Protein chains: 2
Amino acid sequence: MANDPARVTRAQKRWQTESRILVAAREGFARSGYERTTIRAVAEAAQVDPGLVMHYFNSKKELFLKATAVSDDETVSDASPDVAEALLASLTDRLVTEPTASLALLRSMLTHEEAREGVRRVTADQLEQISRSIDSDDAELRGSLLSATILGVILGRHLLELDGLKDAPPQEIIDLLRPVVRGLAAADRDPGNRGS
Amino acid sequence: MANDPARVTRAQKRWQTESRILVAAREGFARSGYERTTIRAVAEAAQVDPGLVMHYFNSKKELFLKATAVSDDETVSDASPDVAEALLASLTDRLVTEPTASLALLRSMLTHEEAREGVRRVTADQLEQISRSIDSDDAELRGSLLSATILGVILGRHLLELDGLKDAPPQEIIDLLRPVVRGLAAADRDPGNRGS
DNA sequence: CAGCTCGGTCAACGGCTGTAGAATCAAGGT
DNA sequence: ACCTTGATTCTACAGCCGTTGACCGAGCTG
């Protein structure tokens, strides 16, 4: 038999409500942080009973982890010949697109240990790639400074909403940041060094 | 025999316990953020009854404001001829000294509206001075990028504790950051793209 | 059709929170 | 001396939190 259009299978409905909850949770965490986002509020926003949230995700912590699970597109693509440009491209992306997911992590990182670990993990990934491509003995420091700078920019724009930064066109930001990133990423060697 | 050395006047004792509470509160907010720091915990750390905390400071919010009150030494000295060096000097200071006070504000800023306002106020102060001394029409953006960068570095070091940043000697950080700060603070009119 | 599964609801519990107010007791002025 | 002031404590309340377990009813399977 063909599928009745009005008919939704159980699995479909499950998936729908589950992702509705996840979206609501992500928005909550992004707007209010971990502690202030209550399961009851998430449930209400998702038009579900609070008990159901617990039924699907077993605890608030698990809900948080699922809601803020870092998708792979967050990490810098590794096959880039130029770290600086790759970073800037990634930053451009993060300046333009809806920052809800990132915000959820960032806003919770200061109070919630797990969240901090999450941010640190993403950053560490980024950091390692940067360090590896910087051929210098202070590569690690340079890398972390790069990560910190980018973190600061995103925080200042989306969270602190600094005057002049929150509304600035991404391209302008990138242009100003390019020499900064290049300067930090440039080991005092020849650029474009590839190798195994 | 007006003054017995072993004798503490009432006002003295009051001041002592009050500042003991403030210290405990500051440490609590710095370590755990606003929501997670309970009045009971602060009271215990200060070896006082929770009720007393309420009696002195009238609410948790007031306690927070008093505990994180920004002292004037946080703001950049105004009469500096060189903004870049002034910023770097201020940053050096913040890299070396005990960051408890700053951390209390920073850690709470993401979840607590008042705290965010506090950070924004301090930053805005800094920003205005920077902007004024940069002679360019994108001065505001440059200024906020500077603030954001510094914010990111402090966050990355004290809060996120990024590898390679948390233990790095301040001088090394400053040296790496000097061209960055100079570059952003320098109003070279030409946005020109350095050759590809 | 019967029986099991499972999405979804409801009511409740125990714990923790900020806060209020009465009670206690030593200090200090008169 | 008395009586006031003020530092400090005790007890308690009301509300919100995460979490639980019983329950209902519609889909699925045999």
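All values reported here derive from a predicted model rather than from experimental measurement. In the text below, chain A, chain B and the rest are named by the order of the sequence lines, each starting its count at 1.
Computed from coordinates, the A:L52 CG to D:dT20 P distance equals 15 Å when rounded to whole Å. The interatomic distance linking A:Q12 (CD) with C:dG8 (C1') rounds to 18 Å, in whole Å. The distance from atom CD of B:E44 to atom P of C:dT17 is 11 Å, rounded to the nearest whole Å. Atoms CD (A:E18) and P (C:dC6) sit 14 Å apart, rounded to a whole Å. Taking atom CG on B:L63 and atom P on C:dT17, their separation rounds to 15 Å, with Å as the unit. The interatomic distance linking A:Q47 (CD) with C:dG7 (C1') rounds to 16 Å, in whole Å. Straight-line distance from the CZ atom of A:F64 to the C1' atom of D:dG18: 16 Å, rounded to whole Å. In this structure, CZ of B:R14 is placed 13 Å from P of D:dT9, rounded to the nearest angstrom.
Atom CD of B:E161 has more than 12 heavy atoms from other residues, nucleotides or ligands within 6.0 Å. Within 6.0 Å of CD in B:E62 there are more than 12 heavy atoms belonging to other residues, nucleotides or ligands. Heavy atoms of other residues, nucleotides or ligands lying less than 6.0 angstrom from CD of A:E113 number more than 12.
When side chains are defined from C-beta on, B:L160 counts as touching A:L151, because their heavy atoms get closer than 4.5 Å. Contact annotation: the side chain of A:E27 approaches that of A:T100 to within less than 4.5 Å [non-hydrogen atoms, C-beta and beyond]. Counting heavy atoms from C-beta outward, A:V48 and A:V42 have side chains that stay 4.5 Å or more apart. Side-chain contact between A:L106 and A:I154 is present, with heavy atoms from C-beta onward closer than 4.5 Å.
Between B:T17 and the phosphate of D:dT8, there is a side-chain N or O to OP1/OP2 separation shorter than 4.0 Å. For the pair B:Y56 and D:dG6, the criterion of a side-chain N or O lying under 4.0 Å from OP1 or OP2 is not met. Between A:T38 and D:dC16 there is no side-chain N or O to OP1 or OP2 distance below 4.0 Å.
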Which protein N or O atoms sit under 3.5 Å from an N or O of nucleotides 2-5 of chain C?
residue: C:dT5; atom: O2; partner: A:R10; partner atom: NH1; Å: 3.2
residue: C:dT5; atom: O2; partner: A:R10; partner atom: NH2; Å: 2.9

Polar atom pairs (N or O), protein with nucleotides 19-24 of chain C, under 3.5 Å:
residue: C:dT19; atom: OP2; partner: B:K60; partner atom: N; Å: 2.8

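Out of D:dT8, D:dT9, C:dT9, the shortest distance to the side chain of B:K13 is found at D:dT8.
With sequence neighbours excluded, the residues satisfying ring-ring contact (aromatic ring centres under 6.0 Å, His included) with A:H112 are A:Y34, A:F64.
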Would B:D175 and B:Q171 satisfy side-chain hydrogen bond (donor to acceptor under 3.5 Å, both in side chains), going step by step from the backbone distance to the final call? CA-CA 6 Å; B:D175 284 343; B:Q171 191 53 50; 3.1 Å; yes
